[in-house]
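Chain letters run A, B, ... following the sequence lines, proteins first and then strands; every chain starts at 1.
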Number of protein chains: 2
Amino acid sequence: MSARALTQIKYVGADDPSHGETSCEECPIRYRAVCAHCESDELARLEGIKFYRSYEPGQAIVWGGDQMDFVGSVVSGVATLTQTLEDGRTQMVGLLLPSDFLGRPGRSTATYNAVATTKVVLCCFRRKPFGEMMNRLPSLSRRLLEMTLDELDAAREWMLLLGRKTAREKIASFIAIIARREASMHMRSPGGRTEIELPLTREAMADYLGLTLETVSRQVNALKRDGIIELHGKRGVVLPDFARLVEESGDDADGGWIS
Amino acid sequence: MSARALTQIKYVGADDPSHGETSCEECPIRYRAVCAHCESDELARLEGIKFYRSYEPGQAIVWGGDQMDFVGSVVSGVATLTQTLEDGRTQMVGLLLPSDFLGRPGRSTATYNAVATTKVVLCCFRRKPFGEMMNRLPSLSRRLLEMTLDELDAAREWMLLLGRKTAREKIASFIAIIARREASMHMRSPGGRTEIELPLTREAMADYLGLTLETVSRQVNALKRDGIIELHGKRGVVLPDFARLVEESGDDADGGWIS
DNA sequence: CGTGAGTTTGAGTCATGTCAAGGACCGTGG
DNA sequence: CCACGGTCCTTGACATGACTCAAACTCACG
């Protein structure tokens, strides 16, 4: 199924020296990534060991079970973490947007399949030196703990979605999540009219939501028929009334997404 | 539904001075809890600020949204973390067994409902002093990061279960998870014949698995009819052949649960 | 203007949910 | 000791939301 399509272009991402000169101070994810709390002297030490890699849409970053000798942050683009059963059933377990962290320091093999869904640039560190840095720079390990706790909260919200929401609520929730993350990227909150771009195909949305792609398609179009969303092309979505969408998502309130 | 039943005995757990003299060195979770990596001098400093609380079966530990001025480790017993939609649909998002950590340092309000399902003893720390300790003792924050990463992995495994497994596979997976955790408690691996005790009611299992309690009941009894499990009373389960159970769980292999 | 990936739509099936009734177990009080 | 009530569990009949299989449409790209 999708796993097959993905492995077609499975190879290691190219080292990308074109980013070699990019200064951390000017990095687009400077204040959100794992390095967010670092002072400029600490940042300089990280800068000394970083390197960039880039991946094309559909390209595998790592495959679950394979050796993984680096960790890194998504600088730009979107990647997914997925898990599969023997018979091909696939569940997405992570959606990596800019500033999100990939890999586990202290573990040498990947646990999940990581795949770029758009062009992705990763700011990487070799695992060992990064581990050293973690020990030397408390601001680094403190930030990683913070990010991991946030991810755990997100995973638990996701579990509620997977276990208890209807297909319609799942779709509405997903669109609301994307709208919130896009908004927080630009430091605004999703207000009245909002325009977003879905970062995933229908099939990838299905893997995110624990549905089939047909059900995703049907429910997206049902929300459109009901005036909750407008569609512009396959990926473009306009939300005439964000609050209306949240109502459809089944969540009680807008879960305090201010920051 | 279940939420109503739980709130019936919602009150703060009694401080439990009877455990006041228990030395950390002799603590049953000494080498598994958040304090696992602490040297004895570090442990002594933690010991100075710890206190115990105990909770009766069915009693709420905290309610989502409420103030929570402490964090702590489960010393004995079983507690659950749950999340609910307005209309009462409930999803369990955490199952806390001995040595598991409850609460988020640096957050003053609880995110989830935490409820004791058996008698529970918690080793607690006030939030502020614990935060101080986190800054002073790297072994503490390093261990918390490690535990949080493990929990995130468990949450992602759980997401695969919720999103993609059949009811039968969910039940088999749940029993296998419990068997593994019981085995690791006693430092053995779940081999041929294994006896376990389910720590949850059928309803709580349903909330764990994203099913109804009727479906749980039916599938548990189906596994019994098929000879995968034997039932002894409502909670007792005997596994004549652990590998056979794992086959039913849908996972490809026994996911390396050695440690 | 053909090709293929992504998407939509329809018809039929099935796994799981819903509603309802009854059984097993256990502690309590008459 | 037994009847009672409550909690938990089981079982049956039926409803339905989501899945499966199949076909056709859209659109970007060569």
Side-chain angles (χ1 to χ4, degrees), chain A residues 1-6 8-9 56-58 85 87-91 115 117-118 161-172 197-225 229 231-237 248 250, chain B residues 1-2 4-6 8-9 56-58 85 87-91 115 117-118 161-172 197-225 229 231-237 250:
Chain A
M1 296 177 67
S2 77
R4 229 174 304 132
L6 298 172
Q8 287 173 351
I9 29 180
E56 295 305 310
L85 268 15
D87 62 3
R89 282 174 287 172
T90 300
Q91 176 64 51
V115 177
T117 62
T118 64
L161 176 149
L162 289 172
R164 294 304 190 192
K165 288 188 177 177
T166 64
R168 183 184 175 92
E169 289 169 339
K170 286 178 174 182
I171 300 291
E197 178 149 335
L198 299 177
L200 301 178
T201 64
R202 299 286 184 265
E203 184 181 19
M205 284 176 62
D207 289 342
Y208 185 112
L209 299 169
L211 297 170
T212 59
L213 68 91
E214 294 95 331
T215 300
V216 169
S217 178
R218 276 187 249 271
Q219 294 297 336
V220 166
N221 287 295
L223 287 178
K224 174 187 168 189
R225 269 196 303 283
I229 63 176
L231 296 179
H232 289 74
K234 294 175 177 189
R235 301 294 190 86
V237 177
E248 297 290 336
Chain B
M1 300 173 67
S2 79
R4 230 175 300 130
L6 298 171
Q8 288 173 352
I9 29 179
E56 295 304 312
L85 269 15
D87 62 3
R89 281 173 287 172
T90 300
Q91 176 64 51
V115 177
T117 62
T118 65
L161 177 149
L162 290 171
R164 294 304 188 191
K165 288 189 178 176
T166 65
R168 183 184 177 91
E169 290 170 338
K170 285 177 176 183
I171 299 291
E197 178 150 336
L198 299 176
L200 300 177
T201 64
R202 298 287 183 266
E203 183 180 18
M205 284 175 62
D207 289 342
Y208 185 113
L209 300 169
L211 298 170
T212 60
L213 67 93
E214 293 95 331
T215 299
V216 169
S217 178
R218 276 187 251 268
Q219 296 295 337
V220 167
N221 286 295
L223 287 178
K224 174 186 168 189
R225 270 196 305 282
I229 63 176
L231 296 178
H232 289 76
K234 294 174 177 187
R235 301 292 190 89
V237 177

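- Spacing between atom CG of A:L161 and atom P of D:dA18 amounts to 12 Å, rounded to whole angstrom units.
- A salt bridge links B:R89 to A:E169: at least one charged side-chain nitrogen sits closer than 4.0 Å to a carboxylate oxygen.
- Between the side chain of B:Q91 and the backbone N or O of A:L161, no donor-acceptor pair lies under 3.5 Å.
- In this structure, the CD atom of B:E203 is 8 Å from the P atom of D:dC8, given to the nearest Å.
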* Reading nucleotides 16-24 of chain C from the 5' end, what letters show protein touch, with B for base, S for backbone sugar-phosphate only, - for no heavy atom under 4.0 Å? -> SSBB----B
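- Using modelled atom types, no side-chain atom of B:E197 and backbone atom of B:V237 make a donor-acceptor pair closer than 3.5 Å.
- When atom types are taken as modelled, the side chain of B:T117 and the backbone of B:V115 share no donor-acceptor pair closer than 3.5 angstrom.
- Rounded to an integer number of Å, the gap from A:R235 CZ to C:dG6 P is 9 Å.
- Straight-line distance from the CG atom of B:L223 to the C1' atom of D:dC9: 16 Å, rounded to whole Å.
- Counting to the nearest Å, the C1' atom of D:dC25 and the CZ atom of A:R202 are 14 Å from each other.
- At the heavy-atom level, A:T201 lies under 4.0 Å from the strands shown only through sugar-phosphate atoms.
- Here the P atom of nucleotide D:dA18 and the CG atom of A:L209 are 12 Å apart, to the nearest Å.
- Of all non-hydrogen atoms in A:R164 and B:A206, the two that sit nearest each other are NH2-O, 3.0 Å.
- Legend: residues meeting side-chain hydrogen bond (donor to acceptor under 3.5 Å, both in side chains) with B:T215, ordered by chain and number and at least two apart, are B:T212.
- Distance CG (B:L200) to C1' (D:dT7): 16 Å, rounded to an integer number of Å.
- Atoms CG (A:L231) and P (D:dT26) sit 15 Å apart, rounded to a whole Å.
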